[in-house]
Structures are given as structure tokens and as C-alpha cells.
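A quick write-up on the structure given underneath.
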2 protein chains.
Amino acid sequence: MPARIDAQQRRQHVVEAAFRLVVAQGLEGMSLRKVAAEAGLNIGSVRHYFDDHHDLVAAAVRETGDRMGRRLARHTPETLVGLQGEAAVDALQALVEEVLPVDDARCAETTVLLEFMVAARTKPVFRPVTEQMAADLHQLVADALDALGVADVHGEADRLTALIGGLTIDTVTPHGSLGVDRLRATLRAHLRAVLPPVLEG
Amino acid sequence: MPARIDAQQRRQHVVEAAFRLVVAQGLEGMSLRKVAAEAGLNIGSVRHYFDDHHDLVAAAVRETGDRMGRRLARHTPETLVGLQGEAAVDALQALVEEVLPVDDARCAETTVLLEFMVAARTKPVFRPVTEQMAADLHQLVADALDALGVADVHGEADRLTALIGGLTIDTVTPHGSLGVDRLRATLRAHLRAVLPPVLEG
DNA sequence: CCATATTTATCACACCCGTGATAAACATGG
DNA sequence: CCATGTTTATCACGGGTGTGATAAATATGG
């Protein structure tokens, strides 16, 4: 048998090239030829690891969902139980910032995610990441708010997830761009307003 | 001279066909051939009224910005001065709902706007609508909050505009979809929390 | 009625795309 | 060293897009 190559790792490499192109050119950067060039491979090689263009897209969608899932899995709501005041705000802020564009890596990931979400409206291939993200994030946020003693967990989870989406689009997209500092400040102000006041005595 | 046709009206008709296609198929539905078919015209006719594909896109972008501008212009912050309690909430809610996807018409418009905003990240043609919208909305929201006696106008305007963006994407995009009722409820809860309490006595 | 300028309709070209089919290069196992 | 099956590279086809150029149809003004 010949040419020992880890197929899984190859696919990963190609998918990462696809991500770079989506960030740079939007969804239409994810063509087989462009992705192959970006990955330093020949079109035929890419097609050897991905049956279809659809298959490549599906892999990218799956990877995006997995990454966000991994980001969210790093935080468990149980660790928040009992926290009050600024400690509670800090903990929840750290949790939420995990999926906000606060550095280059997260900025790239949220950019790709936003492109996929908007595309999901008309192209079913992109649905999985959209649905998984929404469900996971909403669940985690709801659990976190519950652990921190927030009253209207459902309503506040809706509000916080909406705020997260809005902050993301305002930062990633070029409308004068919020900027990381104002993003953080806005989130912090919201968390302070939502979390219950410290118990006296 | 022949064939009296209002060119302005013709262009409007074509642009509206383009909007329908963007809603149905995303940005790639806005090709010259598809738009011509949707408008019931020949490709050559469309090209007679629009020099370029770029020109058609620019017209659509301008029209989108104008519509949103007209929506916002229907509300002047001065009418809010002095309102308190539920009356203030109602007035501000009505103002904000003007640009939220609460009915079919607004849903179509916000969908097109979202597609354009995301596209603006990589394609400069779409920039104008993005920047105009962000500036106008932020200004109007800030003025409204100021008129209603909110303390941290800048910070709260950032937060409310972010919430608007998030509610829009959550409703227009298919992640389990917020739905108009929960959208309205979430907005109302936020406004109640942000507006100052009624002055006693 | 006819001439004129506007409006409409076609054709052809080059580019990019996904895809099927096929041939070459390659490193390993015997 | 050779044969085997993996990996890479290339060609060709049909479909879609924007665009330039050109011909036909149309309705008005004289």
C-alpha cells in the first residue's frame, strides 16, 4: 500500500483554507478551485477527499458547529452557582465573550458563522450549524442565568442571546464598527443590569 | 420622439423585482437574467435602464437605504419629550418596531438589509446602506432615549441598537426563529428596563 | 404617412463554476 | 525490483454570469 496520508488531517487542512477564503471573500470564496489553491493543492486532490462541493460545504459547516460547541463546552453553568456582584458579572462576561469577536481567532469564527447563518436562510446545507448554535447558546445562557439567580430566565435568555447576535454583527460588519472595547463595555453594562443585586447582610 | 416611458418608474419596477429575488434566493438571485425574468422584461431592456450589473446593485442599495431612512423619518424624537411609564414604553416601542421584522413588508426589507450588510463586509458596493442605516438608527435611538430622560444615552443606544440587530437576525434567519410575539415581548422588556421609573408625586 | 429616436430583443464572447472521466506519479509491500 | 493501490494531475463538457455589439420593433412628431 502507498502514500500514507492522514485523510482526516487533510480534510481539516482543506476546511481551514475554506474558512480563510470565506473570511476574505465571503461565501463565494469557497469554490473548489479557490479552496484548492488556498490549501496549496490541486483541484483533483481536493475532490479526492471531498466527494462533492456540497460535501466540502457540509464539512465546513460541521466544523464550525463543532468549534462553537467546544467553545461553549469549556464553561459549565454549575461553576457559577452562588456567585454575586462583580464576581458573577465577571464569570458570565467570560462565558459570553467566548463566542464574541474579541480577538482575531474568535473574529474569524464569528464571521464565518454569520455568513453561514445568513446563507442558511436560503440554502439548507447551512442549517445544521445555525440550529445547533442557537440551541446550545440559548441553553447555556439560560442555565447560567438560572445559576446566578435571575428571575425571568427565559425572557432574559432571549434578550441576552439577541444582544450577543447584535454585538457580533455590529463588530464584524463594517457599519462604523463597534470595536472590541465598546463591545465589552456594552455587554458588561447589560450583565450588570440583568444580574440580581447583591444580598445584604 | 417615441415610446413615452417613465424611466424612473421602470427602474423602480426592476429594483423591486431584484428585492423579491434577494428575499427568495439571497444575493445571487440578483443576476441580470433572473431580475429581468422576475420583472417580466428582457435582459436587454434591463440593461437599457442600468448601465451595469454594478449599477443595478447600487440602485438597489440606495433604495434600501432610502426606505429605511423614510421609516425612521416618520418618527421625530421631539414627540417623546415628557412621556413617562407605559406611554413612554409604547411610543419608543412603536418607533423601534418600525425597523423590525414585525410584518411581511418589514420582514422583506430587513431581510434584504441583512443580506446587504453581510455582503458589505467583502463588497464595497453595499457599504452605503450599511453605514447610513447604522448612523441614522443610532442617532434616532440616542435622541429618543435622551428625550425620555435616560441617563447613559450613548451606552444605552449602543445596547438598544445591538438588541435590534440581534432580534432582526434571530427572527429573519431560521434558528428556530424567535417569532413576532417573542420579538415584541423581548423588546418591551428591554425598554421597560431601560426607561427611567415614573416620577412620584 | 413617414422619418426619427427610443425601447426591446438577440447573438456571441470570455470567464468561472461543478463534475465526470481518465491518465500520470507515487510510495509502499512483497 | 516490481506490482499494487493510493494520491495527484489534467482534460472536456454543460451551465451560469456579465458584457459588448447589433438588429428589430415601437410609438411619437412632423
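The sequence lines fix the lettering, A, B, ..., with proteins before strands; numbering per chain opens at 1. What you see is a predicted model; the values in this text were computed from it and never measured.
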- [ ] Specify whether F19(B) and F116(B) have parallel, tilted or perpendicular ring planes, treating 30° as the upper limit for parallel and 60° as the lower limit for perpendicular.
- [x] tilted
- [ ] Report the distance from atom CZ of F50(B) to atom C1' of dT17(D), rounded to the nearest whole Å.
- [x] 18 Å
TODO: State whether the number of non-hydrogen atoms from other residues, nucleotides or ligands found under 6.0 Å of R70(A) atom CZ is greater than 12.
DONE: yes
Taking only nitrogen or oxygen atoms into account, show me every contact under 3.5 Å that the protein makes with nucleotides 22-25 of chain D, one pair per line with its distance.
none

- [ ] Could I get the full list of side-chain hydrogen bond (donor to acceptor under 3.5 Å, both in side chains) partners for R33(A), not counting sequence neighbours?
- [x] none
TODO: Can you check each nucleotide of nucleotides 13-20 of chain C against protein heavy atoms at under 4.0 Å and return B for base, S for sugar-phosphate only, - for none, in 5' to 3' order?
DONE: ----BBBB
Open item on the list: Any salt bridge linking D152(A) with R159(A)? Criterion: basic side-chain nitrogen under 4.0 Å from a carboxylate oxygen.
Closed with: no
Task: Note: R188(A)-E86(A) ion pair, threshold 4.0 Å (strictly below) - done: yes
- [ ] Provide, to the nearest angstrom, the distance between the CD atom belonging to Q9(A) and the C1' atom belonging to dT7(D).
- [x] 15 Å
Task: Salt bridge present between R11(B) and E16(B) (N-O < 4.0 angstrom) - done: no
Open item on the list: Can you measure Q8(A) atom CD to dT7(D) atom P for me and round it to whole angstrom units?
Closed with: 13 Å
Open item on the list: Does atom CD (E28(B)) have a neighbourhood of more than 12 heavy atoms from anything else shown, all under 6.0 Å?
Closed with: no
- [ ] Figure out the CG/C1' separation between N42(B) and dT6(C), and round it to whole Å.
- [x] 15 Å
Task: Spacing between R10(B) atom CZ and dT6(C) atom P, to the nearest angstrom - done: 16 Å
- [ ] Decide, yes or no, whether a salt bridge links D103(B) with R106(B) under the criterion of side-chain N to carboxylate O below 4.0 Å.
- [x] yes
TODO: May I have the distance from H48(B) (atom NE2) to dT7(C) (atom P), rounded to whole angstrom?
DONE: 5 Å
